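Predicted model, so just to flag it, every value in this text is computed and none were measured. One-based numbering, in listed order, for ligands and for the atoms of each.
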Amino acid sequence: MIQKPKGTQDVFGVDAQVYKYIESYTDNFMNLYNYGYIKIPTFEETNLFYRGVGESTDIVNKETYDFVDKGGRNMTLRPEFTAGVVRNYIENKFYSEQISKFYYFGSAFRYERPQSGRLREFTQVGVEVFGPKSAYLDAEVISLAYRYLSGLGITNLSVKINSLGDKESRLRYNEVIREYLKNDYDNLCDTCKDRLNKNPLRILDCKYDGERDYIKNAPKTIDYLNDESKEYFENVKKALDLLDIPYTVDASLVRGLDYYSHTVFEVVSNIPELGKANTLCGGGRYDGLVEMLDGPSTPGVGFAMGIERIMTIIKELEAFIPKDTLDVFVMSLEDSGFAYQVVDDLRSNGFSCEIDYTGKNMKGLWKLVSKYEPCFILIIGEDEVKGDYITVKDNNTKEETKVKTSELIDYLDMNI
Ligand code: ATP
Ligand code: MG
């Protein structure tokens with residue numbers, strides 16, 4: 001028997017309702033902030049991710065799904081969206097506009113060891129803003145993430161922020177950290193040995209080395225910011241205070257991707273069900289990325305969050321799960337097929353509607369009513385067809401009314 005691939009999920013039933021709810025919540029929510037929906041390809045040229053995400057990251061080192069297509073091109077399933085959104089931004093020359101705000105929602109793919117909160121195909125929602133470099137914009141993006149999650153009923157959130165500084169500050173910091181790690185080289189894991197040259201900051205975020213006290217006690221980026229970067233970070237914090245967003249500065253936060261500068265942040269949930277996979281959202285400013293991908297130098301800021309982790313929390317808050325409702329269940333108790341016409345007509349008029357196709361008797365039909373919990377039950381028997389009326393039962397009050405067939409739509413419109 002063929003089973004679903006390791007690390008993937010089928011989403012159905014209640015889970016599907018929660019998923020669809022989050023999707024439509026996202027569309028409404030993003031509209032409040034004036035972000036436009038963008039859909040990008042599921043796969044891109046492999047090179048985009050090497051350059052856009054960074055060769056010293058876990059994602060590109062070992063987590064990508066790569067394939068050669070029939071034309072001999074190297075392709076990769078998107079492990080994240082930012083690189084693709086930036087590629088689109090450059091390709092369509094959006095940099096001629098002062099500001100571009102995008103949001104996305106869709107699958108990302110990473111060849112990881114599947115475990116709770118960690119899948120091989122998972123869903124990300126995220127935003128990217130290009131153009132202005134403003135501390136208020138960093139604060140908008142952070143507050144958007146926080147309020148998005150709060151609006152889903154999720155409490156117990158903590159927002160962690162840090163600053164990596166501008167290019168100059170990062171270069172200075174790189175020297176400091178290389179010097180600090182000089183005598184520790186032999187103790188580093190193989191990936192981190194490589195990172196020491198390419199991007200030593202990544203070592204602090206390593207799943208192995210990052211847990212060692214020696215690395216935990218390493219110098220912090222925040223202590224090596226130049227004056228401009230320091231001021232920028234202060235302004236971000238002030239803007240967050242203005243918006244009443246609770247946050248803590250976490251000097252050891254560096255994030256998993258190569259392209260960040262200045263502000264980095266995470267939103268973490270404290271519910272035990274998530275275990276170690278409790279980071280819901282990660283993001284920051286990436287002022288160098290558009291240029292790295294051959295566009296003109298353009299500031300950018302954004303985040304991505306994992307929908308499956310959010311769903312785990314929402315399912316804990318059972319009351320929050322919105323139930324799909326069925327307006328009408330039609331019981332056909334005669335043979336002319338008239339009831340099926342009624343169902344078709346109701347659906348065309350915007351009522352959700354269901355009918356039985358298996359020839360159930362009365363008892364079976366009432367079982368279906370219990371299952372679907374419709375607002376109204378329509379009873380269509382021989383008497384009804386002859387008399388040109390339909391018996392309409394309110395499933396809540398249990399009251400029955402005879403409604404003329406021609407007045408059915410109006411009647412339901414008034415009562416649903
Ligand atoms: P982690 O440190 O947990 O591996 P990350 O830094 O790789 O996270 P990002 O690339 O920042 O994660 O992705 C943003 C968000 O997407 C994460 O905070 C998480 O909620 C979600 N996410 C990332 N990888 C997975 C995965 N394999 N399965 C489910 N969700 C994921
Ligand atoms: Mg990861």
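With F81, Y111, F122, F109 as candidates, the residue nearest to atom 24 (N) of ligand 1 on a non-hydrogen basis is F122. Nearest residue to atom 3 (O) of ligand 1 from M305, K276, K207, R118 is R118 (criterion: closest heavy atom). Distances from atom 17 (C) of ligand 1 to the heavy atoms of V267, L119, T279 show the closest one on T279.
Between the side chain of R309 and the main chain of L280, no donor-acceptor pair closer than 3.5 Å is present. Formation of a donor-acceptor pair under 3.5 Å by the D327 side chain with backbone atoms of S352 is found in this model. At distances below 3.5 Å, not a single donor-acceptor pair connects side-chain atoms of D205 with backbone N or O atoms of V254.
Of all the atoms in ligand 1, the ones that sit under 4.0 Å from a non-hydrogen atom of R110 are 5 (P), 7 (O), 9 (P), 10 (O), 12 (O), 13 (O), 23 (C), 24 (N). Ligand-side atoms of ligand 1 in range of E112: 24 (N), 25 (C), 26 (C), 27 (N), range being under 4.0 angstrom from any heavy atom. In the vicinity of A304, heavy-atom distances shorter than 4.0 Å reach the ligand 1 atoms 14 (C), 15 (C).
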Show your working on ring pair (Phe, Tyr, Trp, His ring centres under 6.0 Å) between F29 and Y103 and close with a plain yes or no.
-> CA-CA 11 Å; F29 186 88; Y103 79 94; 9.7 Å; no
Derivation of the side-chain hydrogen bond (donor to acceptor under 3.5 Å, both in side chains) call for D166 and Y232 = CA-CA 10 Å; D166 60 8; Y232 193 82; over 6 Å; no
Show your reasoning for whether side-chain contact (heavy atoms from CB on, under 4.5 Å) applies to N270 and S158.
-> CA-CA 8 Å; N270 303 320; S158 37; 3.9 Å; yes
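At a threshold of 4.5 Å between non-hydrogen side-chain atoms, the residues V127 and F303 count as touching.
M331 approaches L365 most closely through the heavy-atom pair CE-CB, 3.9 Å.
Remark: distances from the non-hydrogen atoms of Q124 to ligand 1 include one below 4.0 Å. At a 4.0 Å cut-off, not a single heavy atom of E266 sits close enough to ligand 1 to count as contact.
In C281, the part holding a heavy atom less than 4.0 Å from any atom of ligand 1 is the backbone. Counting heavy atoms under 4.0 Å from ligand 1, residue E121 does not touch it at all.
Close N/O approach between L280 and ligand 1 is found [any backbone or side-chain N/O within under 3.5 Å].
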